[in-house]
Amino acid sequence: MNILMALSQLEVTGAEVYAVNLANELIKRGNNVCIASDTLTKKTEAEYFKIEFNKRKLSQRVEHIKELLRIIKEKDIHVVHAHSRASSWSAMIACKIAGIPLVTTTHGKQPVHLSRKIIKGFGDYSIAVCENVYEQMSEELNFKKEKIEVLRNPVNCEEYKFSKKIRENNEIVVSIIGRLSGPKGDVTYSLLEELVKNENYIIRVIGGKDLPKRFEKFKDKVNFMGYINNVSEEIVKSNIVIGAGRVAVEGILSGIPVIAVGESEYIGVISDNTIKNGLKSNFGDIGKIGSRDKVDVSSVNNDIEICLVKTEKELLKLRDVACENFSFEKIVDRIEKIYSKQYVLKKKYEMPVIMYHRVIEDKDEEKGVHGTYITVEKFEEHMKYLKDKGYKTVTFEDLKNGNYRHRFDRGNKWIVLTFDDGYKDNYTHAFPILKKYGFKATIYLLGTLKYNKWDVEKPENPEKSFPLMDDNEILEMQEYGIEFGGHSMTHSEMSKIEKKVAHEEIIESRNILEKKLGRKLVCFAYPYGDRDEGVRNLVKEEGYEFAVATDSGDISFQEDLYNIRRIGIFPTNGLRSFRRKTSGKYNFIKIKREKTLGGK
């Protein structure tokens, strides 16, 4: 996808660290990312556009909107992700004009006033960095709960090695990390007033461009290091870290005892008993609704003594909790899905994945009982329509390695054609038409079956016997560009058989087909679309990159790559119906209908 990050800042902030790290990872995954901001300090591969969001006169904001619209058009932006109030205000209007979604990350408590309640500025969907932000947004500002999700600022935990610092010569290195301006500066000032009372500490303050005058009285006892890029390296040189937000997380991951305190709350020593409260407030940065009291840091010296006796076992346990909550991979995975889902909802469009079974001549003896067919005439009519309208057929092989992220790119009018079971008529009737129009498709095969045994032997409603393709036909189609996927051994309803048997069906059919085809299978189709979480996980564990269902699955292709919704084509589907089903909008109608029927 093409993503624009927007943030307003005059010096480096946690929001910039968040946005840049997120942007760099999204780029690695194959997305295109731009960043628009007043300033940009952190190194990034994202293209940077300078927009001075902090200049807030109406005329200046109009210029911001114009510039955002220019970038959106020029870079074919699919979603804007704003990380501050000033940038989200301008982005909200630009996105409305451009018809694309705005996602915001709300990093802190918001001002509560009438205009904020009326014009919330949180976009189509907002990520709250902690529970206290979520509660304020939903309860004080009345933003819909279903449009908010708690996702913490992601951290690449593997970059931080557990390296508890050993005290040298009885020195106690205490590092306060944070800005010296604003409310955080007030907290740092209060901390220093307490800490300088103990002459045994080596006190370092990391952060802030300039030293405010009021801090000069501490210069003889405190090392003011200013802003530095390698904060993580300085953390591991500390015996104790004092800070909030990402600072606290990095300290925990590095095995350094942490005293969490931010502009809103003093959490104290992070332990088994306090980490839950730490997470709720982003380690002191964001207080509860209504909290306005001055942050009391009077217990900091006593807390330092508690930190000094922390055991390695305790610190390792806290690291595990941090890894679980701040996992970079999990959080970025989720954010990508949010982008995709919001774009699909805004545009009312998703790449159609179509499901056929048999393609037959219009003869009664070929129609069978179950009606899972379409005539040759209708199939050609469908393919001609797709060709005339500029559709390009793609297979799951084309979509692997994250290439599905480009399905919304300008000029990519993609559609996936699938056929279940591998009937011989797919070769005799469908294949010549596919070749005629230069189209590809994905066909799902059974392990060794020669005919539709699962339907023929169905006691309550037996089907006629129809042959499946032989090996030579399959290989000829593969040579042309038809993709083949797995469909189990016996076409069983996989959630209704023992998991051991289901696993064997998945493995055995895959081994047989891969040996026959001479290549790795990418996609699996659940027989009858039937699966549960256990079956889904088995398919994933066996190395398939995608799995398709029938009428189940999310409206967004990307939401669950192992439960992809397909649109079935049947004998009654004429050209008008086919147009609707391939428009990219059909599943919105279908899912709404399903919910209505389900609610009755």
Side-chain angles (χ1 to χ4, degrees), residues 2-20 22-23 32-44 46-129 133 136-137 140-141 143 179-185 208-210 212 227 263 339 342 346:
N2 302 328
I3 302 141
L4 174 62
M5 302 282 178
L7 54 153
S8 51
Q9 56 174 25
L10 298 177
E11 60 179 296
V12 67
T13 63
E16 180 185 322
V17 176
Y18 174 103
V20 166
L22 177 57
N32 301 310
V33 185
C34 305
I35 298 177
S37 176
D38 305 73
T39 62
L40 194 65
T41 306
K42 293 291 182 181
K43 186 177 179 182
T44 177
E47 186 174 357
Y48 170 58
F49 295 89
K50 185 177 181 65
I51 300 181
E52 296 178 296
F53 289 113
N54 271 289
K55 293 183 176 178
R56 305 183 188 190
K57 290 181 180 178
L58 183 59
S59 60
Q60 292 167 326
R61 285 187 160 177
V62 169
E63 291 305 311
H64 300 161
I65 294 163
K66 287 180 180 178
E67 180 63 5
L68 285 170
L69 285 168
R70 184 190 70 78
I71 297 167
I72 289 168
K73 183 177 180 181
E74 181 183 307
K75 300 297 178 180
D76 188 26
I77 298 298
H78 299 125
V79 60
V80 176
H81 188 166
H83 301 268
S84 61
R85 290 195 300 274
S87 63
S88 67
W89 191 92
S90 299
M92 175 182 68
I93 297 173
C95 287
K96 191 173 184 63
I97 294 169
I100 62 172
L102 171 64
V103 173
T104 60
T105 290
T106 308
H107 291 270
K109 286 179 78 172
Q110 304 297 297
V112 181
H113 44 66
L114 183 60
S115 64
R116 185 62 164 166
K117 288 183 177 182
I118 296 170
I119 305 173
K120 297 179 175 32
F122 293 125
D124 298 280
Y125 199 85
S126 191
I127 296 165
V129 298
V133 170
Q136 193 216 10
M137 290 172 69
E140 275 195 321
L141 296 171
F143 194 56
R179 294 197 301 274
L180 298 180
S181 58
K184 286 190 178 179
K209 283 201 244 179
D210 305 307
Y227 171 76
E263 60 187 76
Y339 292 161
Q342 292 306 311
K346 179 67 74 174

Let me see the working for Leu40 and Val20 under side-chain contact (heavy atoms from CB on, under 4.5 Å), right down to the final yes or no. CA-CA 9 Å; Leu40 194 65; Val20 166; 3.9 Å; yes

Spacing of Asn32 atom CG and Asn2 atom CG [to the nearest 0.5 Å]: 4.5 Å

Minimum heavy-atom distance between Asp210 and Pro212, given as atom pair plus value: O-CD, 3.1 Å

Distance col, row Asp38:CG vs Ser84:OG, nearest 0.5 angstrom, shows 8.0 Å

Would a distance-only check, ignoring hydrogens and angles, find a side-chain to backbone donor-acceptor pair under 3.5 Å from Asp124 to Val103? no

Walk me through whether Leu68 and Leu4 qualify under side-chain contact (heavy atoms from CB on, under 4.5 Å). CA-CA 9 Å; Leu68 285 170; Leu4 174 62; 3.7 Å; yes

Using the ring centroid of each side chain, check whether Phe53 and His64 are separated by less than 6.0 Å. yes

Going from NE2 on His83 to CG on Leu22, what distance comes out if it is rounded to the nearest 0.5 angstrom? 6.0 Å

Would you tabulate the side-chain donor-acceptor contacts of residues 90-100 under 3.5 Å, counting partners in other chains and residues two or more places apart, or write 'none'?
none

So, does Glu16 use its side chain to make a donor-acceptor pair with the main chain of Gln9 at under 3.5 Å? no

Interatomic distance, OH@Tyr125 vs CG@Leu102, rounded to 0.5 Å, equals 13.5 Å

Tyr18 side chain reached by Leu7 side chain, heavy atoms, under 4.5 Å: no

Lys75 with Glu47: basic N within carboxylate O range, under 4.0 Å: yes

Would you compute the distance between atom CD1 of Ile127 and atom OG1 of Thr105 and round it to the nearest 0.5 angstrom? 4.0 Å

Within the structure provided, determine whether Cys34 and Phe49 are in side-chain contact (heavy-atom separation under 4.5 Å). yes

At their closest point, which heavy atom of Met137 faces which heavy atom of Ala128, and how far apart are they? SD-CB, 4.3 Å

Could you state the interatomic distance from CD (Gln342) to NE2 (His81), rounded to the nearest 0.5 Å? 11.5 Å

Does the side chain of Ile71 come within less than 4.5 Å of Ile51's, by heavy atoms? yes

Using only atom types and a distance under 3.5 Å, with no angle test, would you say the side chain of Ser37 pairs donor to acceptor with the backbone of Thr39? yes

Side chains of Ser8 and Ser87: do they bring a donor and an acceptor to under 3.5 Å? no

Looking only at non-hydrogen atoms, find the nearest pair between Ala86 and Arg61 and report the distance. CA-NH2, 4.5 Å

Show, in sequence, the C-alpha distance, side-chain angles and deciding distance for Gln60 and Glu52, and conclude whether the side-chain contact (heavy atoms from CB on, under 4.5 Å) test is met. CA-CA 9 Å; Gln60 292 167 326; Glu52 296 178 296; over 6 Å; no

Given the rule in the side-chain contact (heavy atoms from CB on, under 4.5 Å) test, do Thr106 and Gln136 qualify, once you have shown the distances and angles that lead to the verdict? CA-CA 11 Å; Thr106 308; Gln136 193 216 10; over 6 Å; no

Tell me, with the steps shown, if Tyr339 and His78 meet ring-ring contact (aromatic ring centres under 6.0 Å, His included). CA-CA 8 Å; Tyr339 292 161; His78 299 125; over 10 Å; no

